[in-house]
Engineer: 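Okay, here's the structure, questions in a sec.
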Amino acid sequence: MDERAVKLTLKNVSKTFYDRNGGIPAIQNVSFTVYDNEFLVILGPGLCGKTVLLNTVAGLEQPTSGQIFLDSRELHGTDPGIGMVFQKKALFPWKTVMQNVEFGPKMRGIPKDERRKTAQKFIDLVGLQNFENSFPHELSGGMKQRVGIARAYANDPELLILDEPFGALDAQTRYSMQEEIIRIWKSEKKTILFVTNNIEEALYLGDRIVLLSRQPATVKETYVIDLPRPRDMLSPEFLKLREKISANMDITV
Amino acid sequence: MKKEKFLHRRRFLLASLLTVILFIAVWAFVVETGLVSTRYLPAPAQVLKTFVQKLSDPKPEGSTLGANILSSLKVASVGFLLAAVLGISLGLFMGWYPPVEKFVKPVFEIIRPIPPVAWIPITIMLFGIGFKAKVFIIFFGGFIPCVINAYTGIQLTSRTLIQVARTYGAGSWKIFWAVGVPSSVQMIFAGVRIALGVSWTTLVAAEMLAADSGLGYMILMGRQFARPDIIVLGMLIIGGIGALLSVVLMRIEQRMEHWRMKR
């Protein structure tokens, strides 16, 4: 149906956590694909298992059943092709901005000159020039997330996962960061898997939105958002879609 | 701003100085008025005189003051460094690798409550009263806090940071060095500071029971020769060096300010 190249495929992925009282299913039979260079948003109510789903794709959790493919390669565990931006408090507090951003290349044994150059490029891209030698505690919440984004980009992943990256930011910063991530995505094309529980954010950012149900998370619906960018959050089309998705979204108990 | 800080510090220094002067004044008063006989407590001036004299005179117990200080420092630093290196490594491994923890912890928990001084008799039987014996006792004093703090520190490593490192493909050993160890630096430093204090105090106890030189030995001999001035001099020197060591360590810690994390 679609001729575009597929970057990521999830086939019937389930994850169940076991404790003394038996199994608690977190995600159940989740299948979807992400196209090359697509900005895919996963939208789901709070505590629905979104983070578990992402951690499974990133290889931090093993799926109980199902398969995950990056291009045509099946994933087992973490993979250098997948980068992740975490929710919060994920910067190394004892490292400077520069040292944080060059962490990925450093772990891969890239020589210092080369990785510094790469890191500098992405520090500039996220607009943090002159903050190279600052420590995380000297930065604002928005700046910290910019560092997180630069760090993920510097490792040159094929797929970038962002786990509610703006959830802890105040509304104003959140809006500007949404514009920023679109700008960065346009200038450095990557396939992005973005998770949020915020409908406006999903509609503002996504090429498509995969709506998840309440826990255990299953795919409820997929929406193609073909509104032109930059999107106007007050346009009638935007509001109509917002209403449509909102009516279909489960409420967290 | 800077000037204010400077003035503040000067006032602080002045207050500290006043306390010291007051302390010496009370001491002198008690002795000069005969409230306490100089046979038991020497006058401050007498201690100062003994200090000057002891700089070059090995009498009565056999070493000059400098030689005694050097002997004590040597023992304390060797014991302390051994304790720090071995204690921190063991603590880190115990906190990071569960099998190591399961294997070592029971033995460690039994050894932990034994006070360093309780090791003295068996140490004398094993090593005699020489350098090795003293180092061994000090080692046990400093070892315990180093292990406990490194162990606790690395266990507090943020799970998110470990996950970050994992997504960048770092293996267990790399994560240990790149995330675990830096995360515990602050706690390790606190442990090292405790260990340094314990080493220095244990040293005196060790020397009082098993030694032939050093500050503790000097104090003990002071009692045997009925020379309270030697005893008090020894005590003051021990206190002074202890305070100096802790100041030096605090300075080093301040230099590493950005390691102090905001969790």
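Chain letters run A, B, ... following the sequence lines, proteins first and then strands; every chain starts at 1. In what follows, every heavy atom counts, from backbone to side chain, and hydrogens, waters and symmetry copies are set aside.
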Engineer: I need the minimum non-hydrogen distance between B:L161 and A:A90, along with the two atoms involved.
Structural biologist: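 Looking at all heavy atoms of both residues, the closest pair is CD2-O, 3.4 Å.
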
Engineer: Just so I understand: if I count every heavy-atom pair under 4.5 Å between each of B:V164, B:T160, B:V179 and chain A, which residue has the most?
Structural biologist: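 Highest number of pairs under 4.5 Å: B:V164.
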
Engineer: Between A:I161 and chain B, which part of the residue has a heavy atom less than 4.5 Å away: side chain, backbone, both or neither?
Structural biologist: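 For A:I161, neither part sits under 4.5 Å from chain B.
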
Engineer: May I ask you to check whether over 12 heavy atoms, not counting those of A:M143, lie within 6.0 Å of atom CE?
Structural biologist: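 More than 12 within 6.0 Å, yes.
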
Engineer: Count the heavy atoms belonging to other residues, nucleotides or ligands that lie under 6.0 Å from CG of B:L81, then report whether that count exceeds 12.
Structural biologist: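 Yes, enclosed.
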
Engineer: Any chance NZ of A:K106 has more than 12 other-residue heavy atoms, nucleotides or ligands included, within less than 6.0 Å?
Structural biologist: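 Open.
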
Engineer: What part of A:F92 is in contact with chain B, defined as an atom under 4.5 angstrom from a non-hydrogen atom: side chain, backbone, both or neither?
Structural biologist: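 The answer is both parts of A:F92.
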
Engineer: Is A:D79 close to chain B through its backbone or its side chain, or both, or neither, when contacts mean heavy atoms under 4.5 Å?
Structural biologist: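 When you check distances to chain B, only backbone atoms of A:D79 fall under 4.5 Å.
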
Engineer: Has B:Y97 got more than 12 heavy atoms of other residues, nucleotides or ligands less than 6.0 Å from its OH?
Structural biologist: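 Count over threshold, so yes.
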
Engineer: Just wondering, more than 12 heavy atoms not from B:F103 lying within 6.0 Å of its CZ?
Structural biologist: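 Incorrect, the count does not exceed 12.
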
Engineer: Could you check whether atom CD of A:Q172 has more than 12 heavy atoms from other residues, nucleotides or ligands sitting under 6.0 Å from it?
Structural biologist: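 It does not: A:Q172 CD has 12 such atoms or fewer within range.
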
Engineer: Count the heavy atoms of every other residue, nucleotide or ligand shown that sit under 6.0 Å from NZ of A:K189, and state whether that count exceeds 12.
Structural biologist: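 Yes.
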
Engineer: What part of A:L60 is in contact with chain B, defined as an atom under 4.5 angstrom from a non-hydrogen atom: side chain, backbone, both or neither?
Structural biologist: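 Its backbone and side chain both get close to chain B.
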
Engineer: Just wondering, are more than 12 heavy atoms of other shown residues or ligands nearer than 6.0 Å to CG in A:D113?
Structural biologist: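 No, not enclosed.
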
Engineer: Specify the closest pair of heavy atoms between B:A165 and A:F103, including all atoms of both residues, with the distance to one decimal.
Structural biologist: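 Minimum heavy-atom separation between B:A165 and A:F103: CA-CE2, 3.8 Å.
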
Engineer: Which is it for B:Y168 and A:R151 under the side-chain contact (heavy atoms from CB on, under 4.5 Å) test, yes or no, and what are the steps along the way?
Structural biologist: CA-CA 10 Å; B:Y168 288 103; A:R151 181 172 64 182; 3.2 Å; yes

Engineer: Could you pull out the closest heavy-atom pair between A:M107 and B:K174, with the gap in Å?
Structural biologist: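 Smallest heavy-atom distance, with atoms named: O-NZ, 2.7 Å.
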
Engineer: Which of residues 117-128 of chain A get closer than 4.5 angstrom to chain B, counting heavy atoms alone?
Structural biologist: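 When heavy atoms of chain B are the reference, residues 117-128 of chain A contributes no residue within the under-4.5 Å range.
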
